[in-house]
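Accompanying notes for the structure given below.
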Amino acid sequence: VAATLSPVVEENVGLLVGVAPFTTYAWGNTRVSPVEAAKQTTGLTKLFRTLGTIYGEYSIIPGLSIRSSINLENADATSKSYTPLAVNLNRVATGRLTGYKRLNFVNENTISYVKTFSSKHNLSVVGGQSYSTFKFDNWQINGGTFTSNDVTTLNAATTGSSGTSNETKNVLISFFGRAQYDFSNR
């Protein structure tokens with residue numbers, strides 16, 4: 001995204017185009033100085049992520065074994081932003097809090113049997129079950145008209161507070177199997 005800034009401003013404005021108490025250049029664009037916007041706007045994002053897998057396998061008798069695995073992925077994120085009135089064109093300080101929680105869980109269980117008979121007949125059988133669940137929750141809260149730049153949390157917003165939230169959950173349960181036979185490795 002390219003920023004369009006008028007190259008001509010009043011001499012006493014300098015890099016403070018559109019920053020209070022100066023207004024934007026009357027015969028140019030309507031953007032606030034990106035230098036001052038970067039200096040005065042605050043933003044903080046926190047992310048915590050966990051990824052783990054554990055499995056176990058047990059041989060019941062020679063050729064017959066069971067295996068179970070559990071996989072978990074978890075992510076929690078929060079993002080806060082605050083723009084003071086000095087760098088907002090409409091001269092209203094605004095804030096936003098967004099976040100999400102994502103959880104993905106998978107459990108797989110299999111039983112397998114491998115046997116060779118008379119040194120020429122090979123049999124391989126696998127059966128299993130899989131359970132997978134995915135949950136995603138997200139939210140966003142907006143606020144405006146802060147009375148001071150000292151308290152930037154949304155409880156200090158006096159008007160314009162609004163928010164949204166969404167939840168999604170998907171579950172998949174599946175069963176599978178396979179039998180394979182070959183004679184003399186063919």
Side-chain angles (χ1 to χ4, degrees), residues 1-55 69-108 130-174:
V1 176
T4 57
L5 289 175
S6 180
V8 178
V9 295
E10 288 82 3
E11 183 179 352
N12 61 338
V13 173
L15 291 177
L16 301 177
V17 174
V19 178
F22 302 108
T23 59
T24 55
Y25 187 57
W27 297 276
N29 60 23
T30 57
R31 287 186 53 98
V32 173
S33 167
V35 173
E36 282 303 307
K39 284 181 183 177
Q40 295 189 33
T41 301
T42 59
L44 175 66
T45 299
K46 297 177 184 177
L47 174 65
F48 177 76
R49 190 165 183 202
T50 307
L51 183 62
T53 299
I54 188 168
Y55 78 94
S69 68
I70 295 175
N71 307 289
L72 175 73
E73 177 192 11
N74 180 66
D76 294 298
T78 304
S79 182
K80 174 190 170 187
S81 66
Y82 176 77
T83 305
L85 63 87
V87 291
N88 249 348
L89 283 176
N90 59 2
R91 298 296 187 247
V92 175
T94 58
R96 174 181 288 169
L97 182 68
T98 61
Y100 68 85
K101 179 174 181 65
R102 182 180 62 220
L103 180 66
N104 192 10
F105 175 82
V106 178
N107 173 236
E108 294 178 328
S130 176
Y131 171 83
S132 176
T133 181
F134 176 79
K135 185 159 175 35
F136 183 77
D137 303 335
N138 67 328
W139 61 92
Q140 175 177 318
I141 305 169
N142 301 306
T145 314
F146 288 76
T147 56
S148 167
N149 287 336
D150 296 328
V151 181
T152 62
T153 54
L154 291 176
N155 61 323
T158 58
T159 62
S161 294
S162 64
T164 60
S165 65
N166 295 301
E167 293 182 12
T168 305
K169 184 173 183 179
N170 299 307
V171 175
L172 175 66
I173 299 173
S174 57

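The structure displayed is predicted, hence computed values, not measured ones.
By the ring-ring contact (aromatic ring centres under 6.0 Å, His included) test, Tyr100 pairs with Phe136, sequence neighbours left out. A search for side chain to side chain contact (heavy atoms under 4.5 Å, CB included) contacts involving Asn170 returns Phe134, Thr168, not counting sequence neighbours. In this structure Thr164 satisfies the side chain to side chain contact (heavy atoms under 4.5 Å, CB included) test together with Gln140, sequence neighbours excluded. By the side chain to side chain donor-acceptor pair (under 3.5 Å) test, Thr42 pairs with no residue at all, sequence neighbours left out. Qualifying side chain to side chain donor-acceptor pair (under 3.5 Å) partners for Ser130, counting only residues two or more places apart in sequence or in other chains: none. Taking Ser69 as the reference, Tyr55, Asn71, Glu108 meet the side chain to side chain contact (heavy atoms under 4.5 Å, CB included) condition, with sequence neighbours excluded. Here Leu85 pairs with Ala93 under the side chain to side chain contact (heavy atoms under 4.5 Å, CB included) rule; sequence neighbours left out. When the side chain to side chain donor-acceptor pair (under 3.5 Å) test is applied to Asn138, no partner is found at least two apart in sequence or on another chain.
For the ring-ring contact (aromatic ring centres under 6.0 Å, His included) condition, the pairs that include at least one residue of residues 79-99, sequence neighbours left out, are Tyr82-Phe146. Judged as a salt bridge (charged side-chain N to carboxylate O under 4.0 Å, His left out), the pairs with a partner in residues 43-54 (not counting sequence neighbours) are, in order, Arg49-Glu73. A salt bridge (charged side-chain N to carboxylate O under 4.0 Å, His left out) check over residues 130-148, counting only residues at least two apart or in different chains, returns the pairs Lys135-Asp137, Lys135-Glu167.
Closest approach of Gly144 to Val92, counting heavy atoms only: C-CG1, 4.4 Å.
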